[in-house]
Amino acid sequence: MTYIVGLTGGIGSGKSAASAWFEQQEILVVDADIVAREVVEVGQPALIEIQKHFGDWVLDEQGCLNRSALRDYIFKHPEARQQLEAITHPVIRNSIIQQLNQASSPYAILASPLLLETDQHLLCQRNLLIDVPVELQLVRASQRDDQSREQIKRIIAVQMPRLEKQKRAHDIVDNSGTLEDLYQQLQPLHKHYLQLATSI
Ligand code: ADP
């Protein structure tokens with residue numbers, strides 16, 4: 001069994017930056033956001049299921065998931081979120097497990113913004129939180145994306161509050177400094193995870 005470390009943090013906290021560092025150390029990183037997109041690609045069973053459940057309007061002219069139409073629909077029909085998640089979450093979870101099982105690195109990382117909000121953390125032996133103040137999340141995420149501060153604020157509002165995440169994490173990295181500061185904090189954790197992975 002592979003030792004799995006969950007990597008989480010709010011939008012713009014630095015999960016991708018940390019993931020890239022772990023990948024440089026040749027650790028397998030499975031990114032839940034990427035898996036969530038893969039499972040609804042054209043021809044995938046989950047996309048066919050979504051189309052059956054909601055109707056043909058969920059597809060655009062190319063047969064791809066029309067995300068903005070679905071977002072609008074969920075906004076007007078909040079119960080639809082649960083119906084959508086009932087289709088996608090089990091498929092995402094299975095695919096994550098499959099990919100983690102293929103790890104040839106000493107341990108593997110599951111990176112997910114919703115690690116603690118969903119049952120994804122149950123797949124992990126340990127959780128690492130990338131932590132920054134909300135103001136810095138807003139600055140970094142709005143510089144990176146084409147989204148306004150208001151849009152980012154709305155995303156932060158539906159994610160688990162920072163304090164709650166801090167309580168649940170085994171390890172916390174403060175990413176309010178430079179990227180170099182981030183890597184310096186990741187180095188001893190990586191060593192620790194290598195030790196933990198060999199002792200299971
Ligand atoms: P997440 O994946 O958690 O949403 P990212 O890793 O994409 O966050 O980081 C958000 C933005 O902030 C990216 O543009 C990234 O390059 C930048 N960033 C991350 N950490 C730092 C840092 N320590 N110093 C400066 N910029 C950073």
Starting from Y3, can I reach L122 by hopping between I/L/V/M/F/W/Y residues whose side chains sit under 4.5 Å apart? no
Between D56 and Q51, is any side-chain donor less than 3.5 angstrom from a side-chain acceptor? yes
Drop me the distance from Q137's CD to I155's CD1, to the nearest 0.5 angstrom. 10.5 Å
State, with a plain yes or no, whether a side-chain heavy atom of L128 is found less than 4.5 Å away from one of L189. yes
What is the distance from atom CD1 of I92 to atom CD of E85, rounded to the nearest 0.5 Å? 8.5 Å
Minimal non-hydrogen separation, S112 against Q120, with atom names: OG-OE1, 2.5 Å
How far does OH of Y107 sit from CD1 of I27, to the nearest 0.5 angstrom? 4.0 Å
Carboxylate-amine/guanidinium proximity below 4.0 Å for R168 and E164: yes
Heavy-atom nearest pair, A46 first then I87, reads O-CG2, 3.9 Å
Once rounded to the nearest 0.5 Å, what's the spacing between atom CG of L110 and atom CD of Q99? 10.0 Å
Just so I know, are the side chains of S176 and P133 near enough to count as touching, which here means a heavy-atom distance under 4.5 Å? yes
Do L70 and L65 have side chains that get closer than 4.5 Å, going by heavy atoms? yes
With sequence neighbours excluded, tell me which residues meet ring-ring contact (aromatic ring centres under 6.0 Å, His included) with F54. Y73
Taking all atoms of both residues into account, what is the closest heavy-atom pair of L182 and A18, and its distance? CD2-N, 4.2 Å
D60 (side chain) donor-acceptor with G63 (main chain) under 3.5 angstrom: yes
Hey, could you give me the CG/CD distance between L47 and E49, rounded to the nearest 0.5 Å? 10.5 Å
Does V132 belong to the same Ile/Leu/Val/Met/Phe/Trp/Tyr cluster as L179, with side-chain heavy atoms less than 4.5 Å apart forming each link? no
Locate the shortest heavy-atom distance separating N175 from S13; write the atom from each residue and the value. ND2-O, 2.8 Å
Looking at side-chain heavy atoms only, is the closest gap between Q125 and L196 below 4.5 Å? no
Test side-chain contact (heavy atoms from CB on, under 4.5 Å) on I109 and V30; report intermediate values, then the result. CA-CA 6 Å; I109 298 261; V30 176; over 6 Å; no
Can you tell if the side chain of I156 reaches within under 4.5 Å of the side chain of I11, non-hydrogen atoms only? yes
Check K165 with D131, please: is the shortest side-chain N to carboxylate O separation under 4.0 Å? no
Hey, quick one: are I48 and V35 part of the same hydrophobic cluster, counting side-chain heavy atoms closer than 4.5 Å, chains of contacts allowed? no
Cluster link V58 to V39, ILVMFWY, side chain under 4.5 Å: yes
Are L116 and N127 close enough, and set up right, to give a side-chain contact (heavy atoms from CB on, under 4.5 Å), and what steps lead you there? CA-CA 9 Å; L116 303 171; N127 301 320; 3.8 Å; yes
Can you list the steps and then say if T88 with I50 is a side-chain contact (heavy atoms from CB on, under 4.5 Å)? CA-CA 8 Å; T88 55; I50 293 169; 3.9 Å; yes
Should we say atom CZ of R149 is surrounded by more than 12 heavy atoms from elsewhere, each under 6.0 Å from it? yes
Geometric class of the H190/F22 ring pair [parallel <30°, tilted 30-60°, perpendicular >60°]: perpendicular
Minimum heavy-atom distance A108-A103, with the two atoms named: CB-CB, 4.0 Å
Over all heavy atoms of both residues, which pair between A32 and I96 is shortest? Give the atoms and the distance, please. CB-CD1, 4.0 Å
A side-chain contact here means heavy atoms from C-beta on lying under 4.5 Å apart; do R37 and R67 qualify? yes
Nearest 0.5 Å, please: how far is CG in L114 from CD in Q159? 6.5 Å
Under the 3.5 angstrom rule, does the side chain of K15 hit a backbone N or O of G9 as a donor-acceptor pair? yes
Ignoring hydrogens and angles, tell me if any N or O in the side chain of T178 forms a donor-acceptor pair with the backbone of D181 under 3.5 Å. yes
Can you confirm whether E79 is buried at CD, in the sense that more than 12 heavy atoms of other residues, nucleotides or ligands lie under 6.0 Å from that atom? yes
Hydrophobic clusters here meaning ILVMFWY residues chained together by side-chain heavy-atom distances under 4.5 Å, can you tell me if L115 and V173 are in one? no
side-chain contact (heavy atoms from CB on, under 4.5 Å) with L7: of I130, D31, V29, L186, only one passes, and it is I130
Does any non-hydrogen side-chain atom of L123 lie less than 4.5 Å from one of I97? yes
Note, L163 side chain near Q166 side chain (heavy atom, < 4.5 Å): yes
